[in-house]
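Predicted model, so just to flag it, every value in this text is computed and none were measured.
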Amino acid sequence: MRKIWMDCDTGFDDLVCIALLGHSSEVDIVGISTVVGNTSLDWTTSNTLSAVENFGFDIPVYRGCAKPLAQEPCTIEGLLGAGGMGTINRPLPAPAKRTPEQENAVSALIRTLEETEEPLTILATGPMTNLAVVAILRPDLMEKIAEVVFMGGSYGFGNHTTAAEFNTFADPEALDTVIRAGIPLKMFGLNLTNQVQITPEHADQIRAVGSEFAEVVADLLEKYLRIRDPEKSQPMALHDPSAAAYLLWPELFELQEGILSVELHGTKARGATFCEFRPKRIDTPNAKIAMRAKGDDVANRVVSQVIDALKAVQ
């Protein structure tokens, strides 16, 4: 099986990624590292441990970086809810048994790369601070990374600011470091993830599983669907799980080679990503940018996999 390391700032959509890949027989998650992003490091770690515990997965979880490389943390609990995991009713339970590993995330990823006999795929669904520190400390290990598939950036527009997507805005120096490390990159930005919509009908399907934890997940999803309007659920982009879905169903996506860069300066464009596709300017592309998705197929397969994961722990 393809070996995956997941690096995340667990809010609702990261939780979906954990369910999606943890239940798959096609990939093996060898470790999960947490980072400050959607919420504080304490909360992203607790949320991750709870997801792993409640889905019944035997995956080690490592605490990562509590601050970005060159700025103070920028979190979005005001949008996502307390602890980055808002709910309309039942909260995500605190982990009852699982605790983070004693080893920190940077050391654990370095050790894993040193020991692996086959290149490791990294799925990054939050700011890339942990991976950037690894690249700075051990550039010799970058050849052990098959690729970094990440949710972040955008080809054309932002969401945290007019120009910047949240994950890149939260630590643009980290993304820049990873780009310059020469690792094969596949970017799943807002231009792609907005093509994949999760709906109130999907929440109903999850609730129909009938288990206590399925009710929790459905309540979390309902809150996510009410980000735009607290009183009414409506379709929302499935951000992080779109990148995770690519690892299972690449045939549902179209990617285009280009040159990826990130703006580090300025008051209006900091954290914005730029994708250069003009043929005369990309003699040496450094990334593949996800451009199109079969959105309904992606969303339906993701929800179906989450439902299967929930049924497995009833």
Side-chain angles (χ1 to χ4, degrees), residues 4 6-24 27 29 31-62 64 75-77 79-96 98 100 123-127 151 166-167 188 193 196 198 202-203 205-207 209 211-227 236-245 247-248 298-299 301-313:
I4 305 291
M6 186 174 173
D7 188 63
C8 59
D9 60 342
T10 300
F12 172 74
D13 53 351
D14 306 79
L15 178 146
V16 172
C17 293
I18 293 169
L20 180 65
L21 297 181
H23 187 67
S24 173
V27 300
I29 305 178
I32 301 177
S33 50
T34 61
V35 67
V36 64
N38 285 327
T39 184
S40 69
L41 180 64
D42 286 345
W43 272 113
T44 63
T45 303
S46 177
N47 293 342
T48 303
L49 289 166
S50 180
V52 169
E53 179 177 293
N54 282 283
F55 280 110
F57 301 144
D58 184 19
I59 306 169
V61 175
Y62 304 91
T75 60
I76 49 173
E77 292 95 340
L79 179 68
L80 299 179
M85 195 69 76
T87 180
I88 63 166
N89 187 14
R90 300 166 182 81
L92 181 70
R98 294 296 304 267
L123 173 67
T125 58
M151 191 279 130
F166 173 74
N167 285 344
F188 287 74
T193 61
V196 183
I198 194 165
H202 289 129
Q205 292 169 21
I206 290 172
R207 198 177 299 280
V209 172
S211 68
E212 183 175 349
F213 189 53
E215 292 282 357
V216 170
V217 174
D219 285 349
L220 297 173
L221 173 52
E222 287 280 4
K223 180 65 173 180
Y224 182 72
L225 295 172
R226 296 183 189 183
I227 284 178
M236 284 288 294
L238 200 56
H239 296 299
D240 295 344
S242 293
L247 298 174
L248 301 181
V298 175
R301 290 196 194 186
V302 167
V303 172
S304 178
Q305 184 88 334
V306 171
I307 288 171
D308 287 346
L310 288 165
K311 289 179 177 178
V313 293

| query | Are the side chains of Pro93 and Ser50 in touch, meaning some heavy atoms are under 4.5 Å apart? | reply | yes
| message | Within the structure provided, determine whether Ile32 and Asp7 are in side-chain contact (heavy-atom separation under 4.5 Å). | response | no
| said: Do Arg207 and Leu221 make a side-chain contact, defined as non-hydrogen atoms from C-beta onward lying under 4.5 Å apart? | reply: no
| Does the side chain of Met6 come within less than 4.5 Å of Ile18's, by heavy atoms? | yes
| field | Residue that, paired with Thr45, satisfies side chain to side chain contact (heavy atoms under 4.5 Å, CB included) out of Pro95, Pro100, Ser33, Cys8 | value | Pro100
| remark: One should read off an interatomic distance between Leu15 CG and Met85 CE, to the nearest 0.5 angstrom, of 5.0 Å
| Spatial distance of atom CG (Leu20) from atom CG (Leu248) [nearest 0.5 Å] | 5.0 Å
| said: Could you tell me if the side chain of Thr125 sits less than 4.5 Å from the side chain of Leu123, heavy atoms only? | reply: yes
| query | Any side-chain heavy atom of Val16 within less than 4.5 Å of one from Val302? | reply | yes
| said: Using side-chain heavy atoms (C-beta onward) and a distance below 4.5 Å, is Thr34 in contact with Leu49? | reply: no
| request: Answer yes or no: is there a side-chain heavy-atom contact under 4.5 Å between Phe12 and Asp240? | output: no
| Side-chain (Asp9) to main-chain (Val35) donor-acceptor, under 3.5 angstrom | no
